[in-house]
Amino acid sequence: MSNPESLDVVIVGGGFAGVTAARKLSEDPRINVTLISLSECFEYHASLYRSATGRSKLEVAVPLYEIFEGTEVQIVIDKVTKIDEKKKVLTTGAMKKFKYDKLVLAAGTVTDYFGIKGLPEFSYGIKTIDEAIRLKNHLHAELTTGHKPDLNYVVVGAGPSGTELAGELVSYLTKLRKSHKINKPFQVDLIEAAPRILPALPERFSRSVEKRLSKLGVNIYPSTAVKGESADSLQLPQGSIDTHTVIWTAGMSNAPLFADHPKLFKLGKGKKVDVDSHLKAGKNIWVAGDSANSSKTGWAQTAVYDGSYIAGNIIRELDGERASDYSPKDPIGAIPVGPNWCAVNIHGQQFYGYLGWVIRRWSDFKLFRSVMPFGLAIRSWLMGNVVEETCSVCRSRQ
């Protein structure tokens, strides 16, 4: 039961920004927090590629009820479909209504196929844990169903997710095919529309990662735009690749909630929401994480900062204090490429190899710790070292 003198804060999105904001706000007894999420689990997207290549799904999917155990946070598994700014009311797909005094929107991104024919029907993804497990099951089934196994496994998009997956696929498929006694050679292809892989990171860094991928046996195709996909091949500007396994990591778009409210939100670059210097999109509405058109958006570290920053300013408003300025730190770029090897960019300093891998794993733990209790963070982090040889499907959480 809500305290009539308290503040009702509704947070949309169960990712880094939303969970961080909810945890911090829940510490203030004057604030009632409702978290609305599409999934029952917090999903650590930075390591989803590992679940697709044999690691435990418990590393990347942590139930929200465990994260908020012992708090008064109300968790709602539903999709927000309507925002009434005047009445300060949200409506969900289940036609439930939630009144708010303050609203934090951290809805994240969705896959965008850019209208390319065949990709929605035939490609695989690693955007969610369910997609990662579906890909893992396919990799197993593709070697056991009796038809000729793939000779080409194609990753489209050489941003962090695609690059990490391509590097891990080589060793995982080698082990998998050996266990199934399949000795035919195969190759992993990495396709990128930009002139180089990891185009958002420094060129020297990108070249070092490219060299590592090539050493692992990954074929890299820069400046190559996908034209379409069928059940048996991927069409390129010149020719095609015969394959049943195309993993699409190239396109992300803002959650459709924002485009569905054009009078409420102004969309900028990449369809992200334009916000003011305090991440506000309206008088009582904040936008956080990947949804916001802000500096350094698109990184988990930024999302954590956003969630904490917004929660702090809501508490300051409640106390009658001035809002603090928004100043996120430069995120650390850490790109694992194959087992126990990682490229790391920290404020212009670069580290490679096993040292980079240690830095990445430490960064993983810090991110876990930022959104969950210490014991749960340790458990989730350690599960990254656990190999799951089975390919049972993750239970549905919808």
Side-chain angles (χ1 to χ4, degrees), residues 44-55 60 124-127 132 135 152-175 186-226 236 241 245-252 290 296-302 330-364 366-367 384:
Y44 185 32
H45 293 141
S47 288
L48 278 170
Y49 77 97
R50 288 162 59 80
S51 289
T53 53
R55 296 292 177 175
V60 296
Y124 293 84
I126 53 169
K127 173 65 176 171
L135 171 58
N152 302 292
Y153 297 83
V154 186
V155 180
V156 183
S161 295
T163 300
E164 292 165 3
L165 177 62
E168 196 72 20
L169 268 177
V170 176
S171 60
Y172 182 62
L173 288 169
T174 298
K175 295 176 183 177
F186 69 93
Q187 62 184 35
V188 173
D189 301 323
L190 179 59
I191 296 176
E192 170 57 44
R196 62 181 175 89
I197 67 170
L198 301 172
L201 288 165
E203 185 170 357
R204 175 172 168 256
F205 185 87
S206 170
R207 297 304 177 198
S208 296
V209 172
E210 182 177 344
K211 183 177 179 181
R212 167 67 176 175
L213 284 170
S214 297
K215 185 177 180 180
L216 291 175
V218 176
N219 300 309
I220 301 171
Y221 297 89
S223 302
T224 303
V226 169
L236 304 176
I241 299 174
T245 309
V246 174
I247 305 110
W248 176 258
T249 71
M252 293 295 160
D290 294 352
K296 303 175 180 62
T297 187
W299 295 88
Q301 299 146 73
T302 303
D330 289 332
I332 297 172
I335 310 297
V337 190
N340 302 323
W341 195 100
C342 186
V344 178
N345 183 65
I346 306 177
H347 312 311
Q349 286 189 301
Q350 296 174 5
F351 305 89
Y352 302 98
Y354 186 73
L355 175 59
W357 178 257
V358 171
I359 295 172
R360 164 61 189 253
R361 289 297 288 153
W362 175 244
S363 297
D364 285 340
K366 288 179 66 177
L367 284 170

Exercise. Locate the shortest heavy-atom distance separating Ser214 from Ile220; write the atom from each residue and the value.
Key: OG-CD1, 4.1 Å

Quiz item: Can you list the steps and then say if Tyr44 with Asp364 is a side-chain contact (heavy atoms from CB on, under 4.5 Å)?
Solution: CA-CA 9 Å; Tyr44 185 32; Asp364 285 340; 2.5 Å; yes

Exercise. Show your reasoning for whether side-chain contact (heavy atoms from CB on, under 4.5 Å) applies to Ile346 and Val344.
Key: CA-CA 6 Å; Ile346 306 177; Val344 178; 3.5 Å; yes

Practice problem: Quick one: pull up CG in Leu135 and OH in Tyr153 and give me the separation to the nearest 0.5 Å. | Solution: 10.5 Å

Quiz prompt | Gap separating the CD1 atom of Ile241 from the OH atom of Tyr221, nearest 0.5 angstrom | solution = 5.5 Å

Exercise. Compare every heavy atom of Ala132 with every heavy atom of Ser51, then report the nearest pair and how far apart it is.
Key: CB-CB, 4.3 Å

Exercise. Search all heavy atoms of Pro195 against all heavy atoms of Pro222 and return the closest pair with its distance.
Key: O-CB, 3.3 Å

Quiz item: In chain order, what residues pass the side-chain contact (heavy atoms from CB on, under 4.5 Å) check against Leu355, with sequence neighbours excluded?
Solution: Phe351, Ile359

Exercise. Sorted by first residue and then second, give each salt bridge (charged side-chain N to carboxylate O under 4.0 Å, His left out) pair with at least one member in residues 162-175; sequence neighbours left out.
Key: Glu164-Arg360

Quiz prompt | Sequence neighbours excluded - salt bridge (charged side-chain N to carboxylate O under 4.0 Å, His left out) pairs with any residue from residues 338-355 | solution = none

Quiz prompt | Distance in Å, Asn152 CG paired with Gln187 CD, rounded so as to fall on 0.5 Å steps | solution = 4.5 Å

Quiz item: Is a donor on one side and an acceptor on the other found under 3.5 Å between the side chain of Gln350 and the backbone of Asn345?
Solution: no

Self-check item: Derivation and outcome, side-chain contact (heavy atoms from CB on, under 4.5 Å), residues Leu213 and Ile197
Solution: CA-CA 11 Å; Leu213 284 170; Ile197 67 170; 3.9 Å; yes

Quiz item: For the residue pair Tyr352 and Phe205, does the interplanar ring angle fall in the parallel (under 30°), tilted (30 to 60°) or perpendicular (over 60°) class?
Solution: tilted

Quiz item: Got a donor-acceptor contact below 3.5 angstrom from the Thr224 side chain to the Ala193 backbone?
Solution: no

Quiz item: Less than 4.5 Å apart, any side-chain heavy atom of Ile335 and any of Val337?
Solution: yes

Quiz item: With no hydrogens and no angle check, is any side-chain donor or acceptor of Thr302 less than 3.5 Å from a backbone partner on Lys296?
Solution: yes

Quiz item: Within a strict 4.5 Å, meaning less than it, do heavy atoms of the Leu367 and Gln301 side chains meet?
Solution: yes

Quiz item: What pair of heavy atoms forms the shortest contact from Ser161 to Thr249, and how long is it?
Solution: CB-CB, 4.4 Å

Quiz prompt | Contact list for residues 193-205, test salt bridge (charged side-chain N to carboxylate O under 4.0 Å, His left out), sequence neighbours left out | solution = Glu203-Arg207

Quiz item: What pairs with Tyr49 under ring pair (Phe, Tyr, Trp, His ring centres under 6.0 Å), at least two apart in sequence or on another chain?
Solution: none

Self-check item: Sequence neighbours excluded - salt bridge (charged side-chain N to carboxylate O under 4.0 Å, His left out) pairs with any residue from residues 333-347
Solution: none

Quiz item: Considering only heavy atoms from C-beta outward, does the side chain of Val156 approach that of Asp189 to under 4.5 Å?
Solution: no

Quiz item: Considering all heavy atoms of both residues, which atom of Thr53 and which atom of Tyr172 are nearest to each other, and what is their separation?
Solution: O-CD1, 3.1 Å

Quiz prompt | Atom pair CD1 (Ile332) and CH2 (Trp362), whose distance is rounded to the nearest 0.5 Å | solution = 11.5 Å

Quiz item: Which heavy atom in Leu198 sits nearest to a heavy atom in Gly159, and how many Å separate them?
Solution: CD2-C, 3.6 Å

Quiz item: Yes or no on side-chain contact (heavy atoms from CB on, under 4.5 Å) for Leu165 and Ile126, after CA distance, side-chain angles and deciding distance?
Solution: CA-CA 9 Å; Leu165 177 62; Ile126 53 169; 4.1 Å; yes

Quiz item: Donor-acceptor pair, Ser206 side chain versus Pro202 backbone, under 3.5 Å?
Solution: no

